[in-house]
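The chains referred to below are lettered A, B, ... by the order of the sequence lines, with proteins before strands, and numbering in each begins at 1.
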Amino acid sequence: MSGTRDFNHHEVEQKWKDHWERTNLYQTKIDTSKPKYYVLDMFPYPSGAGLHVGHPLGYIASDIFSRYKTQKGFNVLHPMGFDAFGLPAEQYAIKTGVHPAKSTAKNIEQYIRQLSNLGFNYDWSNAVNTSDPEYYKWTQWIFIQLFEHYYDLEQDKAMPIADLKLHLSTSGTAGLHASCGEEMELSQDDWNNMSLAQKDQVLMNYRLAYRKVSYVNWCEELGTVLANDEVINGRSERGNHPVEKKAMKQWSLRITAYAERLLSSLDHLEWSDALKAMQRNWIGKSQGAQVFFDIENDTRKIEIFTTRPDTIFGATFMVLAPEHDYVADLTTDDQSDEIQKYLEYVGSRSERERMSETKVVSGAFTGSYAIHPITGNKIPIWIAEYVLKDYGTGAIMAVPSDDDRDQAFAEKFQIPIISVVDKTDFPDAENHDKLGTMINSDFLNGLSVKDAIERMIKELESLKIGKRKLNYRLRDANYSRQRYWGEPFPICYTPDGETIALDIENLPLELPELDDFKPASGAQSPLSRAKDWIKTSEGYDRETDTMPGFAGSSWYFLRYMDAKNPNEFASQEAINYWQEVDLYIGGTEHAVGHLMYSRFWHKFLFDKGLVPTDEPFKKLVNQGMIQGVIESLSLKQNKTDGRHHFVSAELRNEGEEYLNIPILIDYVSDYGLPSSSLSRAGIESFAAWMPDYDKAIFEDASGHHSIGKPDDMLTMTTISEVGKMSKSKYNVVNPDHVVAKYGADCFRMYEMFLGPIEQSKPWDTNGIDGVSKFLRKLWSLFYTEEKLQISDIEPSAEEYKILHITIDKVDNYIQKLAFNTAVSSFMICVNELKKLNCNKRLILEPLLKLLAPFAPFITEELWEALGHKESIHLSTYPIYDESKTKSSTVEYPVSINGKKRASITVDANASKDDIQSVAMQQEAVQKWIEGKEIRKVIVVPGRMINIVV
RNA sequence: GCCGAUGUGGUGGAAUUGGUAGACACGUUGGAUUCAAAAUCCAAUGUCAGCAAUGACGUGAGGGUUCGAGUCCCUCCAUCGGUACCA
């Protein structure tokens, strides 16, 4: 092929990649002479499986958009980096002994190589890596700021803890309006007489980063804490071992302090309504009342939150979360066995199961009673899994007449039900609808539900047993992980019981070197093994937990603005120039978690005056997911002779329960097809890869088999389901071979051509030839018979029309991020130009500029061939000229009763009446209206004609 | 369970936002070119009936609004994402 001028993507891509790098084409600097535009991608976790075909979907879109913005005259920041702390690297380290920093560095290198192959315009000099101490120094620093602040509800912003201490020492909690864990009443003497440890406890109730008791899924056999995701039916997904809830002191972030602001500022963001709805629901604001119930033979009170204070006369029992602090004390001797048994059961249940399995109710009676605050009646106190510790107060008043779950519970345990709302006027209303008239409710009788709620709240307030309250479903974020590969907490504990943060000079606090990355005994973090590291020179103990994945990703977009700054997380000059992210593209899987945490951190930094905007992401687009096929083996729920037992998919039977264990797709034959299966070699690779199962029984049509026994035949059919392409599902497809075969331009355009950016779709390469043909056809407009043949003569009106229609369409489509239809428009344009054998410079040059954001390599090559010295990516965008696309006639469809029967062509300026009379004269129309009465004729200028007969 | 999204030919998808359903591609079939293949080009291609003209049906299912519904409303089904320690 060499020597000819066929399009050779290998040569062309290498040539321009080198050239762009040498000339620093994509270097981004502050330039106040131009308007700025900040395009952000959600940065990837650099997994060992490498970049997969799903990642680039959003990256290609943002690359196209940022190149487009550059051509439109903006100074564009379009950075990339790595969310480099995380579990997979740690698990890999446990398995292989390779230090996570090492494997992560290697993976990052691979990602950078793969991303560069796709021709993205990232400026790698401002890349970030969240696991780099120079980066996490600032993650730790922001954490310390959170630790050193509380939320003042009167000023509606974060304020220094020093102010709080001053307030407490001069007036106690009087006049203090601060977001806190539990309401406290302290006098100034109370505070001043406290020990350091007691003061520390009090402050933890207010700090934005604080320590409290939380629960984790602990798996004794694996010796590790598990995500809810990894717990199935109370057992570990890996290895099928029992899992229990374990209470531990852990760090949390008081995101709830920002709940109202996180909710209200959503209104001003250019995010999809769906995404805003998800965030609103996650925050889950509800209005209601806080009520205190006395306990029989106890001085304490049970605090509950209810949105239905009107139904209080129907409260016939109370339910505490099984983890509620009072449970142990309220359990009577008679009931202790039953409660104990129930707590064990709940311990094995994941939170997801507790919320989703609403049909089966379960619970246990504590033996104690509460006193109904209005009627004075004794009502039993139960515990049940449907009440969650971290939602509201972890306790409810149960009203079986007006709540479905309370009702099911009362029916099961034969607790009285008192009807308190008459809904006969609203036959379609459900239990939870706030409709009806109060009955059996003393002074509320006859009031509507709405009025009764108001009346009751006033009553509660005057009796001083409750008050109006807003509640949020949003919970404080658990911020501790018992893991190695995360940011160490810059926190020490003194022998006096004080918790103190490191000074900035001592940051970053780097991870200690370890050779064993498994968690230590008792669910302790691996860091607890680093004895020398834990003790500071002052004799303090360091915190041994590490921060979660969302720590580094909650502020990374700010670091890009000034990625190398050693003195600040970013200079004020850079932050004030780049301001906020103008366009953020990323997956819906981050719709609540990451986006909520980032907004929270950003608002905190805004309160501190460190960023100029209250919100970080002005416009946000969710890209759909490129899905893969998840292949899994069926594992019998019950072991056979103490061994794991897998069955081939066709041997699954109705009565038995199975776990689907996802397997690496590389081991699977006929991947993605119904016949997908594991051969003997596949099984052996699988067992070597997951040693938990190397003793397992594998049952196929021919009987039972084991690893190590030389059976000839063994074929385990796998279950194939469409799902997200993810390292945890082991179904990652790598883009490298597609790029090698078709070239980066083709890969980029094909991913865009697959469909709308927001939509999810399974990966396949079926249509890629069409895009490849398009690029070759484009090339052939320039090169015929191996020679560049370009004409400088004036194009025809028809050629101009094709060009300008395309400019108009593509420009609009890019603004709407409708890249799939933009690609179609290019295809139509090139097809039409090819028909005319157009080789006019005045047509082809603007076309190249238009296409440059999509196919940066081929357009740069042709641009150079046309004699240009400066990169096409610095050229200005073509301007649409409407006069070139005007047409003198319009074609109208003519419908009879809404069905198209004919079409007519009329002058573009024809009047309604003219159009109608032309339409009526049509032969086809005459045929259809013959002998029928014409009831109505609708003429929509520029659109259509409909005749109703 | 709850929250959000999606559903259109054999396949990916388009449809100016209530106005010609299936653009643009893939695939398939037939033809041209070729010693042959690749590549390229031309034609056909929603389903059913028909030689054809043409007609009937057709946007997950069922109802509704409208001169007109893929698009709006109601009910249902299926699939995907999230559900707080995967990131």
Side-chain angles (χ1 to χ4, degrees), chain A residues 42-45 47 83 85-88 216-217 224-231 255 272-275 277-282 284 351-359 386 390 405 474-478 480-483 548-550 553 587-594 596-597 622 624-625 627 721-724 726-729 750 753-756 758-762 764-771 773-774 776-777 780 809 812 818 820-821 823-828 831 891-903 935-938 940 942-949:
Chain A
M42 284 187 186
F43 63 165
Y45 174 80
S47 120
D83 191 9
F85 275 131
L87 217 41
V216 295
N217 300 310
T224 188
V225 175
L226 298 174
N228 279 335
D229 217 43
E230 301 171 298
V231 183
I255 188 172
S272 71
D273 289 340
L275 184 54
M278 277 192 262
Q279 291 235 330
R280 284 193 190 101
N281 291 327
W282 183 263
E351 196 169 304
R352 188 122 10 117
E353 288 163 348
R354 286 174 59 171
M355 285 187 295
S356 57
E357 291 166 23
T358 51
K359 283 179 190 120
Y386 76 89
D390 289 321
R405 283 172 311 179
L474 182 72
R475 309 203 294 250
D476 281 348
N478 182 345
S480 282
R481 299 292 182 267
Q482 292 70 44
R483 306 285 184 192
F550 69 81
S553 60
T588 39
E589 67 270 30
H590 302 285
V592 278
H594 159 63
M596 196 65 82
Y597 299 130
N622 279 129
M625 211 161 306
Q627 291 157 330
E721 327 159 79
V722 169
K724 77 174 181 178
S726 141
K727 56 196 173 291
S728 65
K729 302 292 182 203
Y750 178 61
F753 189 57
L754 272 177
E758 306 87 355
Q759 231 160 70
S760 294
K761 50 237 150 194
D764 74 78
T765 50
N766 279 341
I768 199 165
D769 279 338
V771 177
K773 277 183 203 164
F774 158 78
R776 275 174 289 172
K777 208 177 223 177
S780 75
K809 283 202 286 190
N812 281 313
N820 55 327
T821 46
V823 174
S824 296
S825 310
F826 281 121
M827 287 174 168
I828 293 166
N831 286 346
E891 199 184 311
Y892 283 91
V894 184
S895 298
I896 318 292
N897 287 344
K899 281 239 169 259
K900 187 203 162 195
R901 298 297 179 188
S903 81
R935 295 240 305 264
K936 203 172 183 181
V937 178
I938 293 144
V940 184
R943 287 257 185 276
M944 46 68 69
I945 297 140
N946 190 19
I947 301 163
V948 186
V949 298

Touch class at under 4.0 angstrom, heavy-atom based, for A:E230 against every strand present: nothing
Set of residues satisfying ring-ring contact (aromatic ring centres under 6.0 Å, His included) with respect to A:F43, sequence neighbours excluded: A:Y556
Sugar-phosphate, base or nothing in reach of A:G86, heavy atoms under 4.0 Å: sugar-phosphate
A:M625 vs A:D273, nearer the 5' end of RNA chain B by closest nucleotide: A:D273
Side chain of A:A277 - closest among B:G12, B:G4, B:C85: B:G4
Nearest-0.5 Å distance, CZ of residue A:F774 to OG of residue A:S824: 10.0 Å
Sugar-phosphate only, base, or nothing, as touched by A:I938 at under 4.0 Å among non-hydrogen atoms: base
Sugar-phosphate only, base, or nothing, as touched by A:N478 at under 4.0 Å among non-hydrogen atoms: base
Sugar-phosphate, base or nothing in reach of A:P44, heavy atoms under 4.0 Å: nothing
Sugar-phosphate, base or nothing in reach of A:S480, heavy atoms under 4.0 Å: base
Sugar-phosphate only, base, or nothing, as touched by A:V225 at under 4.0 Å among non-hydrogen atoms: base
Nucleotide of B:G1, B:C67, B:C85 approaching A:N946 most closely (side-chain heavy atoms): B:C67
Sugar-phosphate, base or nothing in reach of A:F774, heavy atoms under 4.0 Å: nothing
Residue A:Q759, side-chain atoms from C-beta onward, closest of B:C26, B:G13, B:U40: B:G13
Nearest-angstrom distance, C1' atom, B:C67 to B:U28: 40 Å
Residue mapping more 5' on RNA chain B - nearest nucleotide basis, A:L226 or A:Y892: A:Y892
Watson-Crick or G-U stems of RNA chain B, 3 or more pairs, under 3.5 Å, by first number: B:1-7 with B:77-83, B:10-12 with B:24-26, B:27-32 with B:40-45, B:46-49 with B:54-57, B:60-64 with B:72-76
A:N281, nearest nucleotide to its side chain (from B:A15, B:U20, B:C3): B:C3
Close side-chain approach of A:I255 to A:R475, heavy-atom, < 4.5 Å: no
Below 4.0 Å: OP1/OP2 of B:C26 and any side-chain N or O of A:K773: yes
Sugar-phosphate only, base, or nothing, as touched by A:H590 at under 4.0 Å among non-hydrogen atoms: base
Touch class at under 4.0 angstrom, heavy-atom based, for A:L275 against every strand present: nothing
Integer-rounded Å distance: B:U40 P and A:K777 NZ: 10 Å
